[in-house]
Amino acid sequence: MSNHDTRAWKDAIYSQFARIGKALSSPKRLEILELLSQGPKTVETLARETEMSVANVSQHLQILLQARMVCFEKHGTYAIYRLSSGTTTKLLLLLEDLGEEILAEVNQLREELTRNMEFPEPLSIEQLESRLQSGDITLIDVRPKEEYDFCHIPGAISIPITELEKRLSSLPRDKDIVAYCRGAYCVYAIQAIELLRMQGFQAFRLEEGVREWNELHPTHQ
């Protein structure tokens, strides 16, 4: 292969990789990918979750489709979108890790989530696993029910954050309650712990979510 051919080949291969970079260059598209990493969703659900119009979500999905990062199937009049590869979830987790490592602003924003809140330290996945084995906690998944149905931590009970207040009476008061949601940058578990502790429960938050659990326990996926 001549130098000219080598240069053309390198330009071509990096242009292909840049398609993924373009897809990741929008905060809203990153959020859409994060949501899809929790399970398949309709355009309407994505619009509600991201607080965008259906038209805007559709435009972002078109760019993700062009990069082949998502795919969809039709169910009647609805299109159900999903990630086209499980490797995308690994990429999203690595992106978060990289941001925490090199961007001070990321850590500052993360600290703002619980600033001025008197919460106990969140549990790690390793701590959660130990306590699940001992049976001294009740683990609740406060994400939407469809995300729980798609994938959840074994042993968790589905109590969406929107239903938590009316289901408090179903929770035991002689065990610690551990809540988890979509991960470190989701507020549902924080809202759950705040409510539970106000109601007198001993409640803790799992710092990570299902994606991180599955990275350590791939056989549970």
Side-chain angles (χ1 to χ4, degrees), residues 9-52 54-103 106 110 125 128-129 141-154 156 158 180-186 188-189 206-221:
W9 182 87
K10 287 184 176 180
D11 288 345
I13 195 68
Y14 286 117
S15 292
Q16 293 302 314
F17 292 142
R19 294 169 65 185
I20 298 173
K22 177 183 177 182
L24 297 176
S25 66
S26 160
K28 287 298 185 182
R29 287 196 291 277
L30 281 176
E31 185 178 0
I32 288 171
L33 290 172
E34 288 277 359
L35 289 168
L36 292 177
S37 74
Q38 304 292 324
K41 297 183 185 297
T42 64
V43 178
E44 290 75 15
T45 297
L46 291 169
R48 183 177 66 253
E49 291 278 359
T50 59
E51 299 182 12
M52 286 193 290
V54 168
N56 282 343
V57 169
S58 296
Q59 289 176 355
H60 285 301
L61 286 169
Q62 286 303 309
I63 294 172
L64 292 171
L65 281 167
Q66 290 166 12
R68 298 178 191 169
M69 297 192 74
V70 302
C71 56
F72 71 94
E73 55 188 33
K74 292 288 259 182
H75 287 261
T77 58
Y78 292 97
I80 310 294
Y81 283 82
R82 65 178 69 238
L83 297 181
S84 59
S85 169
T87 305
T88 303
T89 296
K90 298 178 186 291
L91 176 61
L92 294 171
L93 291 173
L94 285 171
L95 186 63
E96 290 179 5
D97 288 344
L98 179 61
E100 291 167 8
E101 180 180 336
I102 67 175
L103 299 173
V106 169
R110 185 169 173 173
I125 286 179
L128 173 66
E129 189 168 26
D141 182 324
V142 296
R143 300 173 302 156
K145 181 65 163 53
E146 62 269 18
E147 295 181 12
Y148 173 90
D149 290 340
F150 179 73
C151 187
H152 60 267
I153 297 175
S158 175
Y180 73 89
C181 54
R182 292 167 175 156
Y185 298 97
C186 177
Y188 289 159
L206 178 65
E207 190 163 26
E208 296 94 349
V210 175
R211 299 175 309 170
E212 293 87 347
W213 173 275
N214 285 336
E215 284 295 296
L216 295 176
H217 306 83
T219 57
H220 287 138
Q221 293 187 59

Exercise for the section: Return the minimal non-hydrogen interatomic distance between C71 and S84, and the atom names on each side. Expected result: SG-CA, 4.1 Å
Exercise for the section: Please examine the side chains of T88 and L36, heavy atoms only from C-beta on, and report whether any two atoms are closer than 4.5 Å. Expected result: no
Problem - Y180 side chain to A156 backbone, donor-acceptor under 3.5 Å - result: no
Problem - pair Y188-P144: side-chain heavy atoms closer than 4.5 Å - result: yes
Exercise for the section: Enumerate the residue pairs fulfilling salt bridge (charged side-chain N to carboxylate O under 4.0 Å, His left out) with a member in residues 13-28, sequence neighbours excluded, ordered by first and then second residue. Expected result: K28-E31
Exercise for the section: Keeping the roles fixed (side chain from E73, backbone from A79), state whether a donor-acceptor pair exists under 3.5 Å. Expected result: no
Exercise for the section: For residues K90 and R211, determine if any side-chain heavy atom of one lies less than 4.5 Å from a side-chain heavy atom of the other. Expected result: no
Fill in the blank from the handout: Rounded to the nearest 0.5 Å, the CD atom of Q38 sits from the CD atom of E49 at a distance of 10.0 Å
Handout entry: Between OG on residue S158 and CG on residue D149, distance to nearest 0.5 Å
Key = 6.5 Å
Handout entry: No-hydrogen, no-angle side-chain donor-acceptor test under 3.5 Å, H152 and E147
Key = no
Fill in the blank from the handout: The reported gap from CD1 in I20 to CG in L64 (rounded to nearest 0.5 angstrom) is 11.0 Å
Practice task
State, yes or no, whether a side-chain contact exists between T89 and L33 at a heavy-atom distance under 4.5 Å.
Solution key: no
Handout entry: Note, L83 side chain near S37 side chain (heavy atom, < 4.5 Å)
Key = yes
Practice task
Take E207 and E212, measure what side-chain contact (heavy atoms from CB on, under 4.5 Å) needs, and give me the verdict at the end.
Solution key: CA-CA 10 Å; E207 190 163 26; E212 293 87 347; over 6 Å; no
Practice task
Please round to the nearest 0.5 Å and tell me the distance separating atom CG of D11 and atom CD of Q16.
Solution key: 12.0 Å
Handout entry: Pairwise distance OG(S26) to CD1(I63) - rounded to 0.5 angstrom
Key = 7.0 Å
Practice task
Apply the test side-chain contact (heavy atoms from CB on, under 4.5 Å) to residues R82 and V70: give CA-CA distance (whole Å), side-chain angles for both, the deciding distance (0.1 Å), then the verdict.
Solution key: CA-CA 6 Å; R82 65 178 69 238; V70 302; over 6 Å; no
Problem - L93 backbone acceptor or donor facing E96 side chain under 3.5 Å - result: no
Completion exercise
Nearest heavy-atom approach of S25 to P27 is O-CD, 4.0 Å
Problem - Heavy-atom side-chain contact between V43 and S58 under 4.5 Å - result: yes
Handout entry: Non-hydrogen side-chain atoms of K41 and I32 separated by less than 4.5 Å
Key = no
Problem - Between NZ on residue K74 and CZ on residue F72, distance to nearest 0.5 Å - result: 7.0 Å
Handout entry: Over all atoms of both residues, closest heavy-atom pair of A67 and A23
Key = CB-CB, 3.8 Å
Handout entry: Pair E34 + R29: basic N to acidic O under 4.0 Å
Key = no
Problem - Flag side-chain contact, heavy atom, 4.5 Å: L206 against I153 - result: yes
Handout entry: Backbone of Y78 reached by a side-chain donor or acceptor of T42 within 3.5 Å
Key = no
Problem - Side chain R143, main chain R182, donor-acceptor under 3.5 Å - result: no
Problem - Any donor-acceptor pair under 3.5 Å from Y81 side chain to L46 backbone - result: no
